[in-house]
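Report on the structure given below.
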Amino acid sequence: MKNNTNSVYENMKYIICNWFKWDKKGTFIAFMKIPITILIPIIISFMNKALIELILNKANIITFIWVLGAVSLLLGVLNCISHMISENISAFQQNISIHYAVEAFEKLLTMDYELLESYEGRMKFERCHQFAFDGNQSDGAWAAVRLIGLIESILGIFTYAILFSYVSPILILFILITCLLESFTYHAANKIAIKTENEMVHDEMYFSYFFRLATDFVAEKDIRLNSAASWLEHTLDKSIAAYTKVMRWYTNETTKLTVLQALCSMIRDTAIFGFLIWDVWTGNIAVSDFVFCFGLVGGFSSWLNGISGHISSLHRISLECGKYREFMSLKKAVETSGNLLSDADINSIEFCDVSFTYDNKKMVLDHINLKVQKGERISIVGENGAGKTTFIKLLCGLYTPTSGKVLVNGQDLKYIDCSIYFKQIAAVFQDYTLLPSSILKNITLAEIYNKDKVWKVLEDVDLSKKIKKLRNGLKTKLGRQSDKDTSSLSGGEMQKLLFARALYKDAPILILDEPTAALDPIAEEMLYLQYKDLTKDKISFFTSHRLTSTRFCDKIIFMKNGKITECGSHSELMAQAGEYSNMYKVQGFYYQQEVNHSL
């Protein structure tokens, strides 16, 4: 049995339900297009038939004008309504497209972080991209055009068949046969298009990556200073050549099918018109009926051809929708029993025999046991790849242990509502994120804030003087992409700003994960000494590659190959003369100076 995300019926049902959920009025207007589109060509054909009959019957001029005026007025009204509906459908499509994009955006913000960071999660998001964001003929908004077009085609054929049956039933059969032959070419063209899209995915990803590099200020420095532009252009040229080869094949194949479609259409139309002329010539149908049928033949053929085209397109849309639904069904970050924590009191955090692996492969953390009480400052050190960052992600609740438990106040973190737990954490990471907004918003991350508290934390991190000198003060925008009236802060100032954000949040758990890479050793030492006073009532975790900055901590955890190999205060670990002591001594003269005053 097929999964529902692969079922065309289920995907179309999902799409239509979203229309009604997001825009009931727009959905109603979109479906109103169906009877209008069918009626207009029928009325035109009836008008032509009626006018021919009036002319042949030599009706008086008044009757002729009245009939012509009435039908023209009706057509004018219908065309006006049709135009208004088309404009509303465009707005409806944009509205639906925005909703899909927002829904996917919200999913990214709430889905399981470990899954989002994984290869599987990234691939699933890339596959849902086309349906949610790209705005091409396979996205959720375009489904409105195709589905309504399909219903129009089916109802149009049924209506036109009834009308034709009064004139010539044989004509209907002939049109059906010729149009079925033409539909095979549409089906073949759709298969070629799908094959081409699948082959072009890799090269399109390359294009996207190269263009991101070209607009990445950090990458641009390396590209220019290392004269890598020519190498990048050569690599891009190879990708373009592969892309062009696929496109050339696609163009050749579709050209053959287009010629075949045109030939089928020409043969069909020539034969049908010949058939109608013969019927008029032999007296089987009246001239007015000939005019009537002549006007409907084109529409009847387009309905038949439309069915094949719409079905093929909806099949492609269904495939993209299935990928989108698969991404949207991924596990959320908050899949717990909803256990709550006190807003202020985090008394203990404990790692109980915690192990972690990525994709059940390499063991990154191996049976970690550690208990930390309120008021303790813990430093986590070790070589690159020792497992420090993974430890922090487990501590933050971003990852779930492969085995073992992380207990917060004795409760398994796995069953605590993450949205509540995240409020208890203030974290600063080496890979920081500043929003394209004002300094004030980057600190408070909220619409309601305490301005005096903002200045207090800026003072604590020695950044208030700098901010006051800026022309717009706290309202200064950060991020060159967001506003031309922005100001740049140095790397060290950016990290101090993040420290201010952590202090402003004033959470019971403080995490500083390699946050001082942009600071010089003296500035780092001073900052950590400040944090010693600011964190006395918190549970604090620090990671740093500069071991001198760990001395003010109550306990130092040395990690190697995912295990805790040493644990104790700075003086205790130095006395042990183990790996921590060796690493501390290796770091050089400037990091070996002892601080005489008591920490």
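Computed from a predicted structure; not experimentally measured.
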Discussion item. Nearest 0.5 Å, please: how far is OG in S438 from CD1 in I443?
Written reply: 8.5 Å
Worksheet item: Please walk me through it: do F422 and L398 pass side-chain contact (heavy atoms from CB on, under 4.5 Å)?
Response: CA-CA 9 Å; F422 290 159; L398 298 173; 4.2 Å; yes
Worksheet item: Do Y504 side-chain atoms and N450 backbone N/O form a donor-acceptor pair below 3.5 Å?
Response: yes
Discussion item. If you compare all heavy atoms of D506 against all heavy atoms of K538, which two are closest, and at what distance to 0.1 Å?
Written reply: OD1-NZ, 2.7 Å
Worksheet entry | salt bridge (Lys or Arg N to Asp or Glu O under 4.0 Å) partners of residues 434-455, not counting sequence neighbours, each pair once | K441-E447
Worksheet item: Considering residues at least two apart in sequence or located in another chain, which fulfil the side chain to side chain donor-acceptor pair (under 3.5 Å) criterion with T390?
Response: Y358
Worksheet entry | Value rounded to 0.5 Å, distance of SG in C567 from CG in N369 | 11.0 Å
Worksheet entry | Counterpart residues, side chain to side chain donor-acceptor pair (under 3.5 Å), relative to K555 (two or more places apart) | none
Worksheet entry | Residue pair L510 / A502: nearest heavy atoms and the distance that separates them | CD1-CB, 4.1 Å
Discussion item. Tell me the closest heavy-atom pair linking S7 and S318, and the distance in Å.
Written reply: O-OG, 3.9 Å
Item to complete: Hey, could you give me the NZ/NE2 distance between K21 and H99, rounded to the nearest 0.5 Å?
Response: 8.5 Å
Discussion item. Run the ring pair (Phe, Tyr, Trp, His ring centres under 6.0 Å) test against Y324 and tell me which residues pass, sequence neighbours left out.
Written reply: Y100, F131
Practice prompt. Over all heavy atoms of both residues, which pair between L458 and A500 is shortest? Give the atoms and the distance, please.
Written response: CD2-CB, 4.1 Å
Discussion item. Any side-chain to backbone donor/acceptor pair from T402 onto T357? Under 3.5 Å, distance only.
Written reply: yes
Practice prompt. Would you mind reporting whether F558 and Q576 have side-chain heavy atoms less than 4.5 Å apart?
Written response: no
Discussion item. For a side-chain contact (heavy atoms from CB on, under 4.5 Å) check, start with the C-alpha distance between I98 and W22, then their side-chain angles and the critical distance, and finish with the verdict.
Written reply: CA-CA 10 Å; I98 289 170; W22 293 331; over 6 Å; no
Discussion item. To the nearest 0.5 Å, what is the distance between CG on L109 and NZ on K107?
Written reply: 11.5 Å
Worksheet entry | Heavy-atom closest pair, residues L394 and P401 | CD2-N, 3.5 Å
Worksheet item: For Y14, which residues count as a ring pair (Phe, Tyr, Trp, His ring centres under 6.0 Å) partner, sequence neighbours excluded?
Response: none
Discussion item. Could you tell me if the side chain of K496 sits less than 4.5 Å from the side chain of D462, heavy atoms only?
Written reply: yes
Worksheet item: According to the salt bridge (Lys or Arg N to Asp or Glu O under 4.0 Å) rule, which pairs have a member within residues 566-579, sequence neighbours left out?
Response: K560-E579
Practice prompt. Could I get the full list of ring pair (Phe, Tyr, Trp, His ring centres under 6.0 Å) partners for Y449, not counting sequence neighbours?
Written response: none
Discussion item. When you compare the side chain of I439 with that of L497, does any pair of heavy atoms fall below 4.5 Å?
Written reply: yes
Worksheet item: Can you tell if the side chain of K456 reaches within under 4.5 Å of the side chain of L503, non-hydrogen atoms only?
Response: no
Discussion item. If we check side-chain contact (heavy atoms from CB on, under 4.5 Å) with N442, which of these qualifies: R501, K477, M494?
Written reply: R501
Worksheet item: In this structure, are over 12 heavy atoms from other groups packed under 6.0 Å from K563 atom NZ?
Response: no
Fill in: side-chain contact (heavy atoms from CB on, under 4.5 Å) partners of I425, counting only residues at least two apart
C396, Y421, A427, I509, I511
Response to the item:
Separation between OG1 (T476) and CG (L470), nearest 0.5 Å, reads 4.5 Å
Response to the item:
Across all chains, not counting sequence neighbours, the ring pair (Phe, Tyr, Trp, His ring centres under 6.0 Å) partners of F327 are F125
Worksheet item: Which residues pass the side-chain contact (heavy atoms from CB on, under 4.5 Å) test with S348, sequence neighbours left out?
Response: K371, Q373, N409
Worksheet item: Can you list the residues that meet the side chain to side chain donor-acceptor pair (under 3.5 Å) rule with K468, with sequence neighbours excluded?
Response: none
Practice prompt. Flag the pair E320 and K323 as a salt bridge only when some basic side-chain nitrogen lies within less than 4.0 angstrom of an acidic carboxylate oxygen.
Written response: yes
Item to complete: Answer yes or no: is there a side-chain heavy-atom contact under 4.5 Å between F541 and D513?
Response: no
Discussion item. Counting C-beta onward and ignoring hydrogens, is there a side-chain heavy-atom pair between W455 and L474 closer than 4.5 Å?
Written reply: yes
Worksheet item: Counting N and O atoms only, with roles assigned by atom type, does the side chain of N347 sit under 3.5 Å from a partner on the main chain of K374, one being a donor and the other an acceptor?
Response: no
Worksheet entry | side-chain contact (heavy atoms from CB on, under 4.5 Å) evaluation trace for N18 with I96 | CA-CA 8 Å; N18 282 338; I96 295 300; 5.9 Å; no
Discussion item. Closer than 3.5 angstrom, by distance alone: can the side chain of S581 be matched with the main-chain N or O of G578 as a donor-acceptor pair?
Written reply: no
Worksheet, complete the sentence: Separation between CG (L370) and CG (D353), nearest 0.5 Å, reads 13.0 Å
Practice prompt. Specify the closest pair of heavy atoms between L330 and M111, including all atoms of both residues, with the distance to one decimal.
Written response: CD1-CE, 3.6 Å
Practice prompt. Could you name each residue pair satisfying salt bridge (Lys or Arg N to Asp or Glu O under 4.0 Å) that touches residues 383-405, not counting sequence neighbours?
Written response: E117-K393
Practice prompt. Using a 4.5 Å cut-off on heavy atoms from C-beta on, say whether the side chain of E10 contacts that of R325.
Written response: yes
Fill in: Sub-4.5 Å side-chain heavy-atom contact between V406 and L395
no
Worksheet item: CG of N582: more than 12 outside heavy atoms within 6.0 angstrom?
Response: yes
